[in-house]
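Bear in mind that the values here come from a model prediction, so they are computed numbers and not experimental data.
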Amino acid sequence: MTDEKLNQILKQALAPEISDREIRIHRRRKDKVNKLGKIGKGAAAAVAAVVIGVCGLGYFNPVLAAKIPLVGKIFEKIEDDVTYSGDYTEKGTVLTNEDHAGSLDTVDYTVSDKGITLTASEVYCDGYSIFLTVNIESEDADFTHIPKHYTGMNVADDRTAAGFYIDGTWSVDGSSPEWLENRFEGEAVDSHTFAGMLKIDLAKEHTGSGELNLNVSGLGHDDDRMLDAEEITASHWTDGSWNIVVPFEVNGSDVRTIEVGEKKGNITLEDVVVSPYQVIVHATTPGEQRELTDDRREKLLSKDPDMTDAEMFELLGWSYEPCQTICFDQDGEMLYPGMEIAGAATFAVQGKEIKTLYVFIFDNFDDWIQMEQEGMNSSVADKAVIAKEIHVE
């Protein structure tokens, strides 16, 4: 991949939070960026507005914070502003219980290190992703200066959230550890408290119940007062150990899988999953049919613990290139694109009622960019390898 294309992808993945200079910084840290998302045209137009507060929209005033008990109600507080937004009221499971005095008992889901306390609050799993809310506290921090980024398709939506970096691994039911690849997304409640949600994408569909083992080795955040610094990414970073085991139950209500099985060229559109908060398009190319066994992965990781799956495929001479997928709903509105890896592309529902999906899959990233800019009736629509209308209801 050329530097120019990598820069282009990073701009799509990380705008509007970073500048070109920061992109160069992110490229130096690309071993930590295993999956790249794409962002909507409205947000991309706001790249120059690196920090929302600086541009006049203002950042969170802790004095005006809603006076609600945070732990056990974080979904309620942030569900309208995070990327994978929606009503979690009847979906999330509260991890904490009240003791005999009516106080929340968080002992099983709270861990502290290096002056930072992390408390797991609620969890929801649709079988394909785990959505976990957390409360982060630090007496020595000032979280009110964490920059916010746009989470809607258009700047006019005025939907923003702050991001909290996280490093470490996760596993489910004793599976091989996977690198944490998303951030906590939410808001600073006050100077010392951050409420956020982490989305963990499972490698394959999960059923029944399970246990998420979360091993956090680093936490950090940007600072809007350090925009002129050479390195602003995670300018406030703390290495430590925050390990929590979180039980979860798959909630399959309102989750639909539409089988497609359409193959054109080297791409097969396998199926589309529609859950209350995301749409997942499963599409494969011949190279993606090969799976790394646990033994092979462990051998490769013994040589380089930071090696990603994509780097393993490259080392083995296997193809590991994701398709370029874009989705629109029945009103022609583009769904907010999230992660796209080999075999799967995710899109945020953001409260939309999905009745019909129009899925376009390209094998050319430039065509994807043009359709993202021009909309569903783009002049490049006929260049899609697969263009499919899918009725959900």
Quiz prompt | Sub-4.5 Å side-chain heavy-atom contact between Val134 and Thr119 | solution = no
Practice problem: Indicate whether any N or O donor in one side chain lies under 3.5 Å from an N or O acceptor in the other, for Tyr277 and Ser129. | Solution: no
Quiz item: Would one find more than 12 heavy atoms of other residues, nucleotides or ligands at under 6.0 Å from atom CG of Asn364?
Solution: yes
Exercise. Indicate yes or no: at least one non-hydrogen side-chain atom of Leu269 is less than 4.5 angstrom from one of Ile361.
Key: yes
Quiz item: Can Thr83 and Glu185 be counted as having a side-chain donor-acceptor contact under 3.5 angstrom?
Solution: yes
Quiz item: Does a side chain donor of either Gln324 or Asp367 reach within less than 3.5 Å of an acceptor in the other side chain?
Solution: no
Practice problem: May I ask you to check whether Tyr124 and Phe75 place their ring centers less than 6.0 Å from one another? | Solution: no
Quiz prompt | Under-4.0 Å salt bridge between Glu187 and Lys77 | solution = yes
Practice problem: Would you check if there is a donor-acceptor pair between the side chains of Thr144 and Asp142 at a distance under 3.5 Å? | Solution: yes
Exercise. Could you tell me whether Lys383 atom NZ has more than 12 heavy atoms of other residues or ligands within 6.0 Å of it?
Key: no
Practice problem: Taking the six-membered ring of Phe164 (Phe, Tyr or Trp), confirm whether the NZ or CZ of Arg183 is under 6.0 Å from its centre and within 45° of its axis. | Solution: no
Practice problem: Calculate, to the nearest 0.5 Å, the distance between atoms OG1 and NE2 belonging to Thr284 and His282 respectively. | Solution: 10.5 Å
Quiz item: Hey, what do you get for OG1 (Thr346) to CD (Glu340), rounding to the nearest 0.5 Å?
Solution: 8.5 Å
Exercise. Could you verify whether a donor N or O on one side chain and an acceptor N or O on the other, from Asp329 and Tyr358, lie under 3.5 Å apart?
Key: no
Self-check item: For His206, ring-ring contact (aromatic ring centres under 6.0 Å, His included) partners two or more places apart
Solution: Phe248
Quiz prompt | side chain to side chain contact (heavy atoms under 4.5 Å, CB included) involving Val385 - partner list, sequence neighbours excluded | solution = Lys264, Ile267, Asp363
Exercise. Could you tell me whether a side-chain N or O of Thr268 sits under 3.5 Å from a main-chain N or O of Glu270, the two making a donor and an acceptor?
Key: no
Quiz item: Taking NZ, NE, NH1 and NH2 as the nitrogens, is one of them in Arg159 or Asp80 under 4.0 Å from a carboxylate oxygen of the other?
Solution: no
Practice problem: Could you check if a side-chain atom of Asp271 sits within less than 4.5 angstrom of a side-chain atom of Ile258, using non-hydrogen atoms only? | Solution: no
Quiz item: Side chains of Ser275 and Asp126: donor-acceptor distance under 3.5 Å anywhere?
Solution: yes
Quiz item: Can the ring centroids of His221 and Phe143 be said to lie less than 6.0 angstrom from one another?
Solution: yes
Quiz prompt | Backbone of Thr356 reached by a side-chain donor or acceptor of Gln330 within 3.5 Å | solution = yes
Quiz item: Where the side chain of Glu79 meets the backbone of Tyr88, is there a donor-acceptor pair that is under 3.5 Å apart?
Solution: yes
